[in-house]
Enquirer: 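Okay, handing you the structure first.
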There are 2 protein chains.
Amino acid sequence: VKRALLLVDHGSRRPEANARLEELAATLREAAPDRFVALAHLELAAPDIAAGVDACARAGAEEIVVLPCFLAPGRHAGEDLPREVRSAARRHPGLRVRIAASLGEQPGLARLLLELARESEADRA
Amino acid sequence: VKRALLLVDHGSRRPEANARLEELAATLREAAPDRFVALAHLELAAPDIAAGVDACARAGAEEIVVLPCFLAPGRHAGEDLPREVRSAARRHPGLRVRIAASLGEQPGLARLLLELARESEADRA
């Protein structure tokens with residue numbers, strides 16, 4: 001199975017905010033060299049989710065895990081993103097598409113925060 | 001040394017968004033029972049950062065690690081939060097206050113996303 005990861009954030013009119021997701025995609029590519037990594041924005045900037053799913057399909061992906069980069073629950077992460085993902089997936093019948101837990105889900109988030117706190121304390125020592 | 005963690009997010013007019021930070025604080029308390037855990041919002045909702053720092057000091061903290069819960073870099077995480085933290089710390093001369101890397105910093109974020117992707121894949125198996 002050729003696997004793909006599709007990072008999705010809200011999208012911004014500020015290019016530097018969108019550039020962050022590109023940096024994050026680059027870091028994920030290093031961390032997971034066996035996956036194809038693409039990115040998309042829900043609104044305001046290209047590529048949109050349909051384009052992101054298309055890019056994964058073109059790269060030969062048979063399975064896409066969508067990674068919602070939203071801290072807060074709400075309409076964007078809970079409704080708009082799944083709707084756009086379903087709509088894009090419909091155009092690729094052979095492709096399995098699943099949506100992972102959002103970045104804001106606990107307890108992973110709490111674990112990461114604790115790591116950041118410990119690194120900050122170690123800096124001092 | 002009595003240590004405290006101070007979670008700080010942007011703050012929202014929507015109570016359910018602010019409630020998320022309270023849930024995250026509760027999860028952190030379980031994960032780090034040796035720390036006092038408080039929370040604060042940069043804007044729009046109480047408690048503000050000064051109140052959060054005061055709560056840690058009242059609880060006997062000698063050292064506070066501030067954990068910025070912001071995904072994107074920008075004026076809020078980069079300027080407003082440090083200014084408010086410095087201003088609040090000035091009123092507690094004996095207290096050590098440091099600001100941890102923001103939640104949006106890599107590579108921790110990429111690691112967490114990869115965990116979420118793997119959990120999502122495992123759900124299927």
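Quick note on labels: first sequence line is chain A, next is B, and so on, each numbered from 1. For clarity, every value in this text was computed on a predicted model and none was experimentally measured. The basis for the numbers below is simple: all heavy atoms, side chains too, and nothing from hydrogens, waters or symmetry mates.
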Enquirer: Keeping A:K2 on the side-chain end and A:A59 on the backbone end, is there a donor-acceptor pair under 3.5 Å?
Expert: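 Checking the backbone N and O of A:A59 against the side chain of A:K2, a donor-acceptor pair under 3.5 Å is found.
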Enquirer: If we only count heavy atoms from C-beta on, is the B:I64 to B:V85 side-chain gap below 4.5 Å?
Expert: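 With C-beta onward as the side chain, the pair stays apart.
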Enquirer: Heavy-atom pairs under 4.5 Å with chain B: which of A:R118, A:R35, A:E105 has the most?
Expert: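 Top option by heavy-atom pairs under 4.5 Å: A:R35.
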Enquirer: Spell out the residues in residues 12-34 of chain A that have some non-hydrogen atom less than 4.5 Å away from a non-hydrogen atom of chain B, in order of number; otherwise answer 'none'.
Expert: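 Heavy-atom contacts from residues 12-34 of chain A to chain B are A:R14, A:R20, A:E23, A:L24, A:T27, A:L28, A:A31, A:A32.
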Enquirer: CD1 of A:I49 to OG of A:S87: how many Å apart, nearest 0.5 Å?
Expert: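 The CD1 atom of A:I49 sits 9.5 Å away from the OG atom of A:S87.
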Enquirer: Does A:R83 reach the side chain of A:D80, with side-chain heavy atoms less than 4.5 Å apart?
Expert: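 Yes. Closest side-chain heavy atoms under 4.5 Å.
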Enquirer: With the side chain counted from C-beta on, respond yes when B:V8 and B:H41 share a heavy-atom pair under 4.5 Å apart, and no when they do not.
Expert: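 Sidechains of B:H41 and B:V8: no contact.
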Enquirer: Taking all non-hydrogen atoms of both residues, which atom of A:G11 and which atom of A:L44 are closest, and how far apart?
Expert: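 Minimum heavy-atom separation between A:G11 and A:L44: O-CD1, 3.7 Å.
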Enquirer: Just wondering, do A:V97 and A:L6 contact through their side chains at under 4.5 Å, heavy atoms?
Expert: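 A side-chain contact is absent here, since even the closest heavy-atom pair is not under 4.5 Å.
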Enquirer: For B:L103, is it the side chain, the backbone, both or neither that has a heavy atom under 4.5 Å from a heavy atom of chain A?
Expert: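 Backbone plus side chain of B:L103, per the 4.5 Å heavy-atom cut-off to chain A.
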Enquirer: Examine whether an atom of B:L5 lies under 4.5 Å from a heavy atom of chain A, and if so say whether it belongs to the side chain, the backbone or both; otherwise answer neither.
Expert: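 Just the side chain, heavy atoms under 4.5 Å.
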